[in-house]
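Chain A is the first sequence line, chain B the second, and so forth, proteins listed ahead of strands; every chain is numbered from 1.
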Amino acid sequence: MSDTRFDPSVADGRWQRAWAEAGTFTADSASPKPKSYILEMFPYPSGRIHMGHVRNYTMGDVLARYQKMRGFEVLHPMGWDAFGMPAENAAMEKGVHPGGWTRANIAQMKAQLQRIGFALDWTREFATCDPEYYSHEQALFLDLYEAGLVYRKESTVNWDPVDMTVLANEQVIDGKGWRSGAEVEKRKLNQWFLKITDFADDLLEGLGSLEDWPEKVRLMQENWIGKSQGLEFSFELSKPLPLGEGVGDGGSTPADAVPPPPAPPQGEGSLQRLAVYTTRPDTIFGASFCAIAADHPIAQGLAGDPAVAAFIDQCKKGATTAAALETAEKLGFRTPITAKHPFTGADLPVFIANFVLMEYGTGAVMGVPGHDQRDFEFATKYGLPIARVVAADPAQADAPFKGAAEAGDGVIVNSDFLNGMTVEEAKQAVIARAESEGWGTGKTVWRLRDWGVSRQRYWGTPIPIIHSPDHGPVPVPRDQLPVVLPEDIDFSEPGNPLDRHPTWKHTTCPISGKPALRETDTLDTFVDSSWYFLRFASQPADKPFDPEEVAKWMPVQHYIGGIEHAILHLLYARFWTRALAHIGKIDVKEPFAALFTQGMVTHETYSRIDEARGVPVFFGPEDVNRTSEGATLLADGAPVEVGRVIKMSKSKKNVVDPDAIIARHGADAVRWFMLSDSPPERDLPWSDAGIEGCARFVQRLWRLFSAYDADATGEDRALDRKTHQTIAAVAADIEALGFNKAVARIYELTGAVEKAAPSASRSAAIRALVHLAAPMMPHLAEEAWAAMGNTTLIADAPWPEVDPALLVDDEVTIAIQHMGKLRDTLTAPKGASKEDLEALAMSSANLQRSINGAPIRKVIVVPDRLVNIVT
RNA sequence: GCGGGCGUGGCGGAAUGGUAGACGCCGGGGACUUAAAAUCCCCUGAGCUUUGCUCGUGCGGGUUCGAGUCCCGCCGCCCGUACCA
């Protein structure tokens with residue numbers, strides 16, 4: 001070892017080739033070893049790997065390499081979530097083919113990933129746009145279709161009339177299409193849906209078993225599923241209402257389509273009853289009005305009145321953000337209709353109200369101002385009675401309200417037969433009464449909607465359905481799969497190119513043989529990512545996966561990705577896994593045993609205010625000279641404002657390109673930086689000083705490794721202890737995903753070894769350090785391992801054994817306190833008796849000075865830790 | 001509004017109720033060098049009457065021999081979100 005510098009530009013490539021040639025990270029499902037499946041969320045092939053990817057995959061890589069060293073057969077695959085809109089946008093803007101654009105991006109990003117030296121099993125790589133992948137997806141879709149989990153229905157979508165395309169909710173900005181800027185229209189289209197609601201209860205219940213998921217994600221999913229229990233019942237209306245035009249379901253999109261609300265019971269050509277849903281049937285005696293949504297059939301029926309129509313219009317204009325809703329005023333329109341209270345017979349006024357949503361429950365509510373804050377505000381504004389029906393105790397039955405509704409628990413008052421019951425008892429009593437008298441039923445309502453999977457786009461998995469003139473929608477026969485996307489495609493006009501293609505959609509009915517049309521919609525890309533982890537585990541040619549192979553690897557032991565997928569992707573994958581289990585394809589319900597959501601990579605921003613326009617102009621870090629005092633622009637040497645540390649984004653120009661950093665400092669320095677300092681779930685602020693420090697440490701370790709002397713003799717017990725304690729601690733930290741702490745331990749041991757005199761212990765410590773560094777800085781570790789004369793790969797080496805006897809020190813530092821304040825520290829033998837420790841403490845001059853002769857009332861001794869004297 | 005998270009040096013952050021600030025970055029001083037880079041050593045929470053003492057983990061209380069950690073009440077920031085009946 002004569003080289004004084006570690007040269008990553010040579011070493012990185014050397015070891016990356018060595019791993020590839022040896023198949024070091026190829027997972028063998030036939031291995032007798034215990035299995036470990038480590039997975040990071042696969043990337044969309046946008047064209048470039050960014051720092052967020054690097055951080056995400058580095059964490060998974062450390063786990064994968066560590067698990068391998070611990071004797072597991074590790075599956076750590078990588079692939080590409082390759083369908084989706086950006087490819088079509090590129091096709092429209094640059095005239096390239098979406099497939100070609102995607103393939104080129106994949107090639108580029110794969111090369112980038114390989115330069116970072118990730119321990120990936122590239123033999124299992126696939127892209128979701130491979131016909132080999134999506135053909136199996138089509139087969140699974142048909143399996144679910146046959147199991148009755150797929151259905152078709154008319155649903156409203158956001159339609160961009162200029163681009164002639166459907167927009168997701170996120171693509172509608174202020175009511176206009178994000179690309180065209182055109183006013184978005186509501187359109188009704190026949191769309192395919194997956195029955196995720198069949199699994200709502202199971203998906204909710206399953207969250208309880210996911211102990212290694214972040215509490216936050218479980219709560220988000222719980223809220224999204226949104227289970228509530230209550231009573232659905234109907235009021236008799238004072239006068240029948242003629243049915244008007246425009247009765248239909250509310251606005252919705254493919255992503256969260258809304259089934260038509262249960263139609264209120266109807267008389268002949270009229271509405272005689274008003275159905276409402278409440279989670280507080282116990283408060284029914286407090287109802288003083290009813291409120292219906294602006295698009296409720298009754299409101300629509302009254303829309304012939306210009307005043308009603310105007311009010312409905314006003315409701316639709318309201319803002320939808322949470323912040324806006326919070327301050328939005330409750331608005332109502334009093335209709336001439338009244339509703340008869342089922343117990344008191346009182347006539348309650350029926351309002352059209354802006355705070356009632358057609359999409360939830362029945363689109364109508366009973367208003368109980370005393371015990372619902374919205375109803376309280378509404379009643380206050382429109383002078384409606386506010387009755388108390390729940391009180392802290394019966395004596396408070398007529399206590400006044402203090403400016404707000406009381407939604408809490410208590411005892412029922414002013415409520416006839418419910419008086420004296422608890423809230424819970426009264427709920428049950430009212431539901432029982434309603435059911436026995438036939439005017440209502442107990443009901444569970446879910447927020448979760450069925451999953452609309454139709455997309456009017458080219459670059460996705462074709463939905464394997466044929467629309468027959470005689471037999472309606474018919475599944476494509478299995479022997480005709482896959483339905484492959486046509487290559488000759490024209491993006492020169494707006495709209496779905498599949499629909500416009502001259503021949504593709506023309507086929508024959510599988511039943512009658514008569515001419516028929518293919519479904520031209522493609523599947524939501526979330527379908528692609530709902531089962532890719534199964535395909536990684538097993539990829540036979542003739543079917544989506546082999547259940548026995550899948551069983552060897554699943555569930556994923558560590559799933560790592562961004563919090564932005566907390567709901568949709570993770571819920572859909574959980575649903576899809578359950579659906580496959582439901583039809584007997586697999587024997588696992590929860591795909592991801594543990595989930596980890598990593599923080600973002602952030603960077604400070606550099607900007608100047610453009611005087612003319614009054615807006616900030618941002619500069620990239622490469623154009624700025626940053627010192628500890630501030631920052632100046634390289635171009636003119638004048639200062640720029642150093643802004644907050646925020647997520648890297650192109651618009652703020654605070655992006656750092658991984659390739660440039662790797663070229664400069666090597667893969668290991670970047671990997672080390674990704675693991676250092678910040679806890680992995682928190683944001684990681686990128687800084688030049690930080691990466692330079694990491695690059696320095698790589699060299700510092702290299703110098704230490706270069707000083708390795710296999711023949712050194714002599715024992716250094718203290719260093720042996722430090723070594724073994726560090727091995728154990730780093731292992732525990734990695735297993736807990738506390739990478740920043742593992743990094744700190746390695747720094748500590750490095751410092752200790754550097755200071756130690758040559759000995760066999762020191763050489764052993766250096767060997768241990770090479771192993772500890774191997775999962776994090778694999779290129780450096782391999783280079784050092786080879787230089788030490790090994791002909792094997794350290795990636796294949798076992799994690800060092802720990803001698804338990806060396807984990808405990810034989811001397812400990814005892815804190816000497818007086819009244820809980822530190823007065824001295826003394827060393828004592830490990831395991832010294834309480835009496836000895838007390839005597840030792842009393843010998844401390846500092847302690848005696850502090851006590852100053854005061855009588856000792858109590859002595860607290862914590863063995864091996866401290867002595868506290870109380871006076 | 002609701003739900004979740006966070007608040008510790010100049011910065012990122014450590015700390016099973018038991019020595020607050022591990023480790024890294026920045027900064028200061030020194031060694032080596034003709035010089036620079038690289039490297040190495042020392043210092044680096046504030047203050048004071050400096051063998052030591054006082055203060056100090058967002059604020060105010062409490063529990064405890066002992067609180068960054070537990071409890072109660074506030075404040076601030078971040079993320080999520082659904083006026084869900």
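No hydrogens or angles considered: nothing links the side chains of Asn654(A) and Thr605(A) as a donor-acceptor pair under 3.5 Å.
Going from the P atom of G4(B) to that of G9(B) covers 26 Å, rounded to whole Å. Separation of the C1' atoms belonging to G68(B) and C59(B) is 15 Å when rounded to the nearest angstrom. Rounded to whole Å, the C1' atom of G58(B) lies 23 Å from the corresponding atom of U64(B). Only the P atoms considered, C72(B) is 15 Å distant from G3(B), to the nearest whole Å. A gap of 14 Å separates the P atoms of G61(B) and U69(B), to the nearest Å. Comparing the P positions of G18(B) and G30(B) gives an interatomic distance of 42 Å, to the nearest angstrom. Separating the C1' atom of C25(B) from that of U19(B) is a span of 25 Å, rounded to the nearest Å. Rounded to the nearest Å, the gap between the P atom of U57(B) and that of A20(B) is 12 Å.
Arg823(A) comes within 4.0 angstrom of sugar-phosphate atoms only, judged by non-hydrogen atoms across all strands, and of no base. As judged by a 4.0 angstrom heavy-atom cut-off over every strand, Asn846(A) is placed among residues touching the sugar-phosphate backbone only. Nucleic acid contact class of Val356(A) (heavy atoms, under 4.0 Å, all strands): base.
What you find for Ala729(A) and Arg745(A) is that their closest heavy atoms are CB-NE, 3.3 Å. Closest approach of Val624(A) and Ala631(A) over heavy atoms only: CG1-CB, 3.6 Å. Closest approach of Leu331(A) to Asn354(A), counting heavy atoms only: N-OD1, 2.8 Å.
Distance Arg218(A) CZ to G3(B) P: 18 Å, rounded to the nearest Å. Note: CD (Gln373(A)) to P (G1(B)) measures 11 Å, nearest angstrom. Protein atom CH2 of Trp446(A) is 18 Å distant from nucleotide atom P of A82(B), rounded to whole Å. Counting to the nearest Å, the P atom of C2(B) and the CE atom of Met220(A) are 19 Å from each other. The interatomic distance linking Lys381(A) (NZ) with C83(B) (C1') rounds to 15 Å, in whole Å. Here the P atom of nucleotide A82(B) and the CZ atom of Phe355(A) are 19 Å apart, to the nearest Å. Atom pair Leu568(A):CG and G80(B):P shows a separation of 14 Å (rounding to whole Å applied). The CG atom of Leu357(A) sits 6 Å away from the P atom of C83(B) (whole-angstrom rounding).
Between Tyr572(A) and Trp451(A), the two ring planes are parallel [angle under 30°; tilted spans 30° to 60°]. Note on ring orientation: taking the six-membered ring where Trp is involved, the planes of Trp439(A) and Phe233(A) are perpendicular (angle over 60°, cut-offs 30° and 60°). Between Phe285(A) and His341(A), the angle of the ring planes lies from 30° to 60°, which puts this pair in the tilted group. Relative ring orientation between Phe401(A) and His371(A) is described as perpendicular, the plane-to-plane angle rising above 60° on a 0-90° scale split at 30° and 60°.
A distance-only check finds a donor-acceptor pair linking the side chain of Thr335(A) to the backbone of Val350(A) [under 3.5 Å].
Nearest-nucleotide mapping onto RNA chain B: of Arg849(A) and Lys227(A), the residue sitting toward the 5' end is Arg849(A).
In this structure, Arg671(A) and Met777(A) have side chains that are not in contact, with every pair of non-hydrogen atoms separated by 4.5 Å or more.
Remark: Arg703(A) is not in phosphate contact with A38(B), judged by side-chain N or O atoms under 4.0 Å from OP1 or OP2. Between Lys821(A) and C55(B) there is a side-chain polar atom (N or O) within less than 4.0 angstrom of OP1 or OP2.
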Scoring nucleotides 9-26 of chain B by protein non-hydrogen atoms under 4.0 Å (B base, S sugar-phosphate only, - none) yields ---BSSSB-BB--BSSSS

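Taking the syn range as angles within 90° of 0, the glycosidic angle of G29(B) is outside it, so the base is anti.
Taking the six-membered ring for Trp and the full ring otherwise, Phe351(A) and Phe378(A) have centroids separated by under 6.0 Å.
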For RNA chain B, the dot-bracket notation using Watson-Crick and G-U wobble pairs below 3.5 Å, [ ] for pseudoknot-type crossings and | for other-strand pairs, is (((((((..(((.....[....))).(((((.......))))).((((...))))..(((((..]....))))))))))))....

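Here C79(B) is the nucleotide among A85(B), C65(B), C79(B) with the atom lying nearest to any side-chain atom of Lys216(A).
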